[in-house]
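All remarks here apply to the structure that follows.
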Amino acid sequence: MKEISKKYEAGKYEENIYKLWEKSGFFNPDNINSKKKYSNILPPPNANGGLHLGHASGYTVMDIFGRFERMKGKSVLLLPGKDHAGIQTQVVYEKKLEDEQGINRNDLGRKKFFQSIYDFCLERANYMRSQEKKIGVSADWSREKFTLDTEVSKIAMETFVKMHKDGMIYQGERIINWCPRCKTALSDIEVDHKTVQGKIYFIKYPIQNSEKFITVATTRPETMLGDSAVAVNSQDERYTKLVGLKVILPLENRIIPIIADKRIDKEFGTGAVKITPAHDLLDWDIGQDHQLPIIQVINEKAQITKQGGKYQGQDVLVARKNILADLKMQGFFEKEEDLEINKSICERCKETIEPLISKQWFVAVDAKKYSLKKEALKAIKNGEIKFFPENFRKTMIQWLSNLHDWCISRQIWWGHQIPVWYCEKCGEEEYIVSIEKPLACPKCQGKKLRQETDTFDTWFSSGQWVHTTLGYPQGKDFKEFYPTDMMIMGRDLLFFWASRMIMMSLYRTGEVPFKNLFFTGLIRDKLGKKMSKSKGNGIDPLQMIDKYGVDALRLSLVMDTTPGQDSRLYEEKIEGFRNFITKLWNIYRYSTTASPEFFLKEKIASRDVKSVADQWIIAKLNETIESVTIFMEKKEISLAQEKLKKFTWDDLADWYLEIHKIEKNNQVLGYLLDKILKLWHPFTPFVTEKIWQDFWQGEKMLMMEKWVKPEKKLEIKKAQELFEEIKEVISKVRNLRANYRIDPAKIVQAYSIKIKEQKIIEKLARIEIIEKLASTKSIQIITKNVELSLDIANLIDIAKEKKRTKKEIEQLNQLIVKIKNLLANKKFKDSAPEKVILQNQKKLKEYQEKIKTQKELLMNITKF
RNA sequence: GGAUCCUUAGCUCAAUUGGCUAGAGCAUCUCGUUUACACCGAGGAGGUUAUAGGUUCGAGUCCUAUAGGAUCCACCA
């Protein structure tokens with residue numbers, strides 16, 4: 001006989017099993033002959049990265065649904081890809097260049113720099129791909145895409161051209177978030193905020209032709225070089241007289257007005273604010289409304305410009321120090337106070353953001369001809385997309401409602417260069433939007449054209465991921481799989497990505513990109529902290545796979561989780577699921593070692609279901625299949641798994657297998673094993689396929705088996721109740737034995753006037769039923785179909801048993817009163833559903849029976 | 001300032017959307033014999049579901065308020 005190891009050695013089989021699946025070709029939907037389609041475009045991870053737990057949990061969910069749908073007979077497409085991740089990758093790569101070669105991007109030049117990142121990403125992508133395969137994702141690798149692939153980017157570029165035609169693109173000098181380290185503009189969403197301890201400075205601005213001052217408060221005194229006004233709240237009585245007067249800007253001696261604006265907070269600082277339109281977002285708005293001059297005093301390297309006079313060339317922080325010193329010397333400095341400041345930082349490199357005026361490209365999100373914002377809102381409000389969790393819909397609606405125009409140009413090299421061309425003769429005022437380089441300038445026929453150097457925001461292309469990867473508009477995949485069924489992502493991508501995909505795909509294709517949008521939560525550590533490299537509290541999924549196997553990791557990532565809700569992960573948890581995998585393995589091991597002729601059974605006949613236990617377990621199985629299927633369809637993975645686990649461990653392993661040792665029925669056992677392998681496969685694909693292959697030897701593959709259905713014909717209701725009763729009797733005996741330390745090896749003698757399933761009760765409760773008991777005293781266990789008298793009266797504490805029984809009677813009495821009252825209540829009868837009423841009636845009967853037997857028992861003990 | 005989520009056993013989480021005596025796992029305690037499994041089995045202890053009200057025949061679940069925690073968005077001159 002074949003040796004099977006006691007434990008499932010995951011590492012030994014995983015690679016080969018994945019190869020088996022891959023070789024079969026069924027990851028590719030073209031090889032599945034089915035009219036029913038299911039598609040999920042996988043979110044592309046950053047090509048430069050490595051696999052972390054966030055990816056692992058996402059992929060697990062995607063794969064679970066993918067495998068489930070495939071087993072339901074659909075032609076399933078899970079389309080994988082990689083994202084060039086513009087700024088992030090450039091930041092990483094520049095650091096690498098600096099560290100390894102001591103050079104920067106300018107040393108290489110744009111072309112070489114681009115090419116070398118490209119090569120780097122390609123190499124990393126290979127690595128990343130092998131890691132993704134380890135998770136078990138059943139993705140079609142032959143369709144793998146990269147955001148910079150020509151066919152993908154072409155479609156994304158065409159969107160820009162179309163948007164331009166539709167009047168949704170404009171170029172403008174506006175205030176934007178500038179990262180001095182990345183040297184690029186950022187959209188609002190790419191800016192993070194961080195509270196830091198800082199100072200607020202009070203500076204006196206002298207009023208023209210007066211001895212008086214107006215004091216302004218600022219956290220950034222260096223920007224005063226670019227002030228073009230002082231503003232107060234229009235309702236602020238302290239200052240109404242001053243509005244319209246002029247002040248002399250200290251250090252610069254420029255004359256600027258005092259203006260009134262309702263956006264100024266009276267309570268904050270002195271209620272008077274210096275206005276620097278070039279370096280503050282709110283000041284920019286106020287400056288626009290009051291037509292104030294814009295004076296740029298900070299440049300793109302965060303240094304003072306020529307406009308800043310004697311401070312020119314100084315870094316902002318140096319300039320701040322010098323300016324404060326000069327103000328003090330000249331008597332304009334009033335005081336400083338500590339203040340918590342909410343600093344804007346670059347999401348990617350954490351550098352302090354400088355708001356600057358800069359010429360950038362924008363997408364109008366609410367243009368006349370087509371409103372990205374309104375169309376997306378309409379679709380979402382119409383319920384064209386199902387959200388998991390549902391309340392994220394509201395969050396999305398709110399965010400979209402407040403959406404501002406989107407700055408899409410970045411001054412980095414790693415990305416899609418914007419398809420705009422300038423004529424060298426005509427200058428920047430004239431530009432041509434075209435994917436191909438135009439032959440000549442349409443105005444002057446000049447041939448010297450150069451392309452815009454800016455690149456697109458990464459989200460401009462990844463926001464089109466669904467329809468570009470499917471080859472909109474003519475692609476076969478687009479026609480077959482769009483709109484896709486499912487999209488799964490981390491909840492942090494709700495605004496960044498989900499919203500943009502909805503807007504842009506709707507704009508291009510007229511349809512939403514996906515019908516279901518499922519969010520995973522963040523994976524936190526045991527203490528609920530975010531995992532991060534710097535804290536060193538991260539868990540490496542690959543290490544966990546090596547140690548516990550992928551199936552265990554997959555379970556630990558999705559079980560006990562709720563969509564969109566953060567969850568905690570730690571090794572003990574993974575270990576627990578590894579233990580379950582071992583249990584599954586041992587169910588298989590028992591089945592084959594106990595009966596060498598054992599085999600999996602797809603179908604069995606009613607006559608094969610013989611004993612009460614058989615009937616009971618089949619009924620349990622049916623119930624499990626039913627609810628697991630329903631839960632899966634409702635996308636309740638966690639509940640499905642819980643139900644399955646309970647059946648597998650409690651019902652099958654702990655009860656049915658034990659009974660199988662007493663009364664073997666390999667037909668039923670083979671049938672059960674066939675079913676649980678299929679049910680578990682989406683969740684734990686490796687171990688189930690391994691067991692399956694051991695039986696079928698390559699004849700067929702579990703991955704392609706059909707999802708199971710309950711066989712109601714095999715079910716007999718009566719047996720269920722009886723078996724539950726047998727279980728209860730056995731538990732009661734075990735309970736008594738444990739309570740009174742009766743040696744587990746001791747076979748307790750018992751007498752019975754009424755018994756069913758004698759052999760099972762005898763074996764599992766470790767008792768022996770004999771003709772006549774030696775002792776006249778005995779402890780009784782009474783149920784509907786069983787009456788046992790156990791010869792253990794001399795071993796137990798009678799007083800204690802009496803007390804326990806009395807307590808139970810009391811409890812039952814309370815329950816009975818409660819239910820009786822409920823059933824007597826007219827309102828309850830009128831309004832409660834039929835099902836609930838029946839349930840309660842049944843319950844009442846049960847309690848009444850129980851209380852009867854308990855009373856008998858008490859009487860019996862009292863005799864002693 | 002606006003919004004969302006969370007608070008259930010010592011710990012981590014459930015509870016099929018308002019209906020069975022609120023369930024699991026881990027940890028803990030007691031005991032371990034069997035034709036799979038000690039990564040195991042049997043049994044026990046552990047709960048006023050954060051607090052206070054309300055709606056309801058019925059509330060962990062719905063509403064209101066309070067407290068604590070988390071997150072997101074906006075603003076902070």
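Reminder, nothing fancy here: chain letters follow the sequence lines and each chain counts from 1. The analysis underlying the following values was restricted to heavy atoms, covering all of them including side chains, and did not include hydrogens, waters or symmetry mates.
The cationic atom of Arg491(A) (NZ for Lys, CZ for Arg) does not lie both less than 6.0 Å from the six-membered ring centre of Trp399(A) and within 45° of the ring axis.
Rounded to whole Å, the separation between the C1' atoms of U28(B) and U64(B) comes to 41 Å. The C1' atoms of A45(B) and U30(B) are separated by 10 Å, rounded to the nearest whole Å. For C26(B) and G68(B), the C1' atoms lie 26 Å apart once the distance is rounded to whole Å. A gap of 48 Å separates the C1' atoms of A52(B) and C40(B), to the nearest Å. Across G2(B) and G10(B), the matching P atoms stand 36 Å from one another, rounded to whole Å.
When heavy atoms are screened at a 4.0 angstrom cut-off, Lys6(A) is found touching the sugar-phosphate backbone but no base atom. The residue Leu639(A) sits close only to the backbone: its heavy atoms come under 4.0 Å of sugar-phosphate atoms, none of a base. Residue-level contact check: Pro389(A) touches neither bases nor backbone, having no heavy atom under 4.0 Å from any strand. Using a 4.0 Å heavy-atom cutoff across all strands shown, Asp283(A) reaches no nucleic acid atom at all. Nucleic acid contact for Gln565(A): sugar-phosphate only, since backbone atoms but no base atoms lie under 4.0 Å from a heavy atom of the residue. Here Arg766(A) lies in heavy-atom contact (under 4.0 Å) with a base. In this structure, Ala231(A) reaches neither bases nor backbone, as no heavy-atom distance under 4.0 Å exists between it and the strands shown.
Glycosidic conformation of U17(B): syn, with the torsion inside 90° of 0.
Without hydrogens or angle criteria, Lys829(A) side chain to Ala824(A) main chain gives no donor-acceptor distance under 3.5 Å.
Taken from NZ in Lys204(A) to CZ in Phe333(A), the straight-line distance is 10.5 Å, to the nearest 0.5 Å.
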